[in-house]
Amino acid sequence: MIPINGKKIKSMLLFSFMLVLAACSKKDNPTPDFQEENLAPLSVEFDNIVGERTLTFDNTGSPYKNAAGEPFTVSRIQYFISNLKVTTAAGNTYTVNPDSSYFLIKGDDKATRFAKVKVPEGDYTNLTFTLGVDSLRSTMPIDKRTGVLDPAAGGGMEDGGMYWGWNGGYIFFKFEGNSAVISDNVNGDPTGKKQMKYHIGFFGGYSAPTLNNIKVINVDLRTAGIAKVRKDRQSNIHLFVDLMKVFNGKNAFKIAEKPNVMFDDFSAKIAANFPEMFRHDHTEN
């Protein structure tokens, strides 16, 4: 029998401990493997609020008030979320398959508040997505734009559709409601219904340059909880979407002065407020 001295025993024990530690680390914090068969479920929840209040439709008895003190109610909110990406602390980024990365969030349909995708197992510290529809998809042949991108989906523009048929472009963000401060003349709402409408689109133009109101949103997950994506569970990134920022963002404005914005240059000022709407509340792992 060959004797083993104490130094060799210590070396063997240390080596065994390192193997166990490495195995545990691989399980607890796996390096993303970007092969399709190694993808795991991840959802991003878009929870619409107005200031510090829950979104409620047509709450005439208790309207919201913006920073200018203008009362308003909400009757419709819809927006496109697309091109989701996740990034690890080491800087490894995974982009979700574009064919599975377009979502229409509807405030009156809770089933649409979750953008469900698949990404490699891993620990992610950053989430990136686009509010809007990129130029590539916007200019694809109609027959290749299916699901929520079907221009005919949701009916006409006034019925909730998200496509300007005459203009051949998507409405990225549709926010409608009512406010008592809106005038009844051509600068407000001539119908007397005191309606506000903010339909924001434009991807930069196809045959001629236009405004580009596509906004890329970056969310740092480190403060409120990183996403630990694993095959055996559903990880969910919960975001609050504060609609009050439409009025109170860096380009603050009064409803009375701009009750309807669709095709003019002011749409760019509203679009610049979009990144401020999104706040990471927590992550469920």
Side-chain angles (χ1 to χ4, degrees), residues 46 48-81 104-109 131-133 154-203 210-215 217 240-278:
F46 296 88
N48 297 304
I49 61 174
V50 186
E52 296 303 318
R53 295 171 57 184
T54 302
L55 171 63
T56 304
F57 290 100
D58 301 319
N59 54 322
T60 55
S62 180
Y64 305 109
K65 285 189 178 182
N66 62 16
E70 298 174 310
F72 67 94
T73 59
V74 180
S75 58
R76 176 177 289 148
I77 175 66
Q78 298 181 172
Y79 48 90
F80 281 108
I81 296 296
L104 179 58
I105 312 299
K106 298 180 180 180
D108 61 351
D109 185 357
L131 195 161
V133 180
M157 184 185 70
E158 292 301 323
D159 298 324
M162 296 290 283
Y163 195 78
W164 286 310
W166 62 270
N167 188 43
Y170 291 98
I171 302 170
F172 303 156
F173 180 84
K174 178 178 285 191
F175 183 31
E176 299 178 351
N178 300 82
S179 176
V181 303
I182 298 174
S183 67
D184 296 336
N185 57 29
V186 292
N187 295 318
D189 178 15
T191 69
K193 296 179 180 179
K194 299 187 178 300
Q195 299 176 98
M196 62 180 192
K197 293 183 179 181
Y198 303 102
H199 296 182
I200 310 301
F202 297 119
F203 61 86
T210 67
L211 295 172
N212 187 344
N213 288 329
I214 295 172
K215 294 300 172 186
I217 314 297
F240 279 131
V241 186
D242 185 1
L243 304 178
M244 189 69 80
K245 293 297 184 180
V246 171
F247 307 115
N248 297 353
K250 66 178 182 179
N251 292 323
F253 67 96
K254 294 181 179 180
I255 297 172
E257 295 174 353
K258 290 288 184 179
N260 290 279
V261 178
M262 295 187 191
F263 314 119
D264 59 51
D265 291 346
F266 197 79
S267 66
K269 291 186 176 295
I270 295 178
N273 289 341
F274 290 162
E276 296 182 57
M277 295 193 307
F278 298 89

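These figures come from a predicted structure and were not determined experimentally.
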From L104 atom CG to K106 atom NZ, the distance as rounded to the nearest 0.5 Å = 5.5 Å
inquiry  = A272: which residues meet the side-chain contact (heavy atoms from CB on, under 4.5 Å) condition with it, sequence neighbours left out?
reply    = K250, N251
ask   = So do F203 and L211 actually touch side chain to side chain, heavy atoms under 4.5 Å?
value = no
task = Output every pair passing side-chain hydrogen bond (donor to acceptor under 3.5 Å, both in side chains) with a member in residues 259-275, not counting sequence neighbours, ordered by first then second residue.
result = N213-S267
ask   = Excluding sequence neighbours, so at least two apart, what forms ring pair (Phe, Tyr, Trp, His ring centres under 6.0 Å) with F266?
value = F253
inquiry  = Rounded to the nearest 0.5 Å, what separates atom OG1 in T73 from atom NZ in K194?
reply    = 12.5 Å
query = Of the non-hydrogen atoms in N178 and K193, which two are nearest, and what is the gap between them?
reply = ND2-O, 2.9 Å
task = Start with the C-alpha gap between I49 and L243, add the side-chain angles, then the distance that decides, and say whether side-chain contact (heavy atoms from CB on, under 4.5 Å) holds.
result = CA-CA 6 Å; I49 61 174; L243 304 178; over 6 Å; no
remark   = Residues passing the side-chain hydrogen bond (donor to acceptor under 3.5 Å, both in side chains) test with Y79, sequence neighbours excluded, are N48
task = Kindly indicate, with the supporting measurements, whether the criterion side-chain contact (heavy atoms from CB on, under 4.5 Å) is fulfilled by I77 and K174.
result = CA-CA 6 Å; I77 175 66; K174 178 178 285 191; over 6 Å; no
key: S179 versus P71, closest heavy-atom pair with distance   = OG-O, 2.6 Å
query = Do F172 and I214 have side chains that get closer than 4.5 Å, going by heavy atoms?
reply = yes
message = Is it the case that the ring center of W164 lies less than 6.0 angstrom away from the ring center of F263?
response = yes
For N185 against N187, the heavy-atom pair lying closest together = OD1-N, 2.9 Å
ask   = Taking E176 as the fixed residue, which of H199, Q78, K197 is the one that meets the side chain to side chain donor-acceptor pair (under 3.5 Å) rule?
value = H199
ask   = When you look at NZ of K258, are more than 12 heavy atoms from neighbouring residues, nucleotides or ligands closer to it than 6.0 Å?
value = yes
key: Between CD1 on residue I200 and CD1 on residue I171, distance to nearest 0.5 Å   = 9.5 Å
F80 and L131: CA distance, side-chain angles, deciding distance, side-chain contact (heavy atoms from CB on, under 4.5 Å) verdict = CA-CA 6 Å; F80 281 108; L131 195 161; over 6 Å; no
ask   = Could you give all pairs that pass the ring pair (Phe, Tyr, Trp, His ring centres under 6.0 Å) test and reach residues 173-197, with sequence neighbours left out?
value = F173-F274, F175-F247
key: Heavy-atom closest contact (M196 atom, F72 atom, distance)   = CE-CD1, 3.7 Å
remark   = residues 50-70 vs side-chain hydrogen bond (donor to acceptor under 3.5 Å, both in side chains), sequence neighbours excluded, gives R53-S62, N66-E70
task = Starting at CE of M262, measure out to OH of Y198 and round the result to the nearest 0.5 Å.
result = 10.5 Å
request  = Measure the CG-CG distance between N248 and D242 for me, rounded to the nearest 0.5 Å.
outcome  = 8.0 Å
key: D189 (side chain) donor-acceptor with D184 (main chain) under 3.5 angstrom   = no
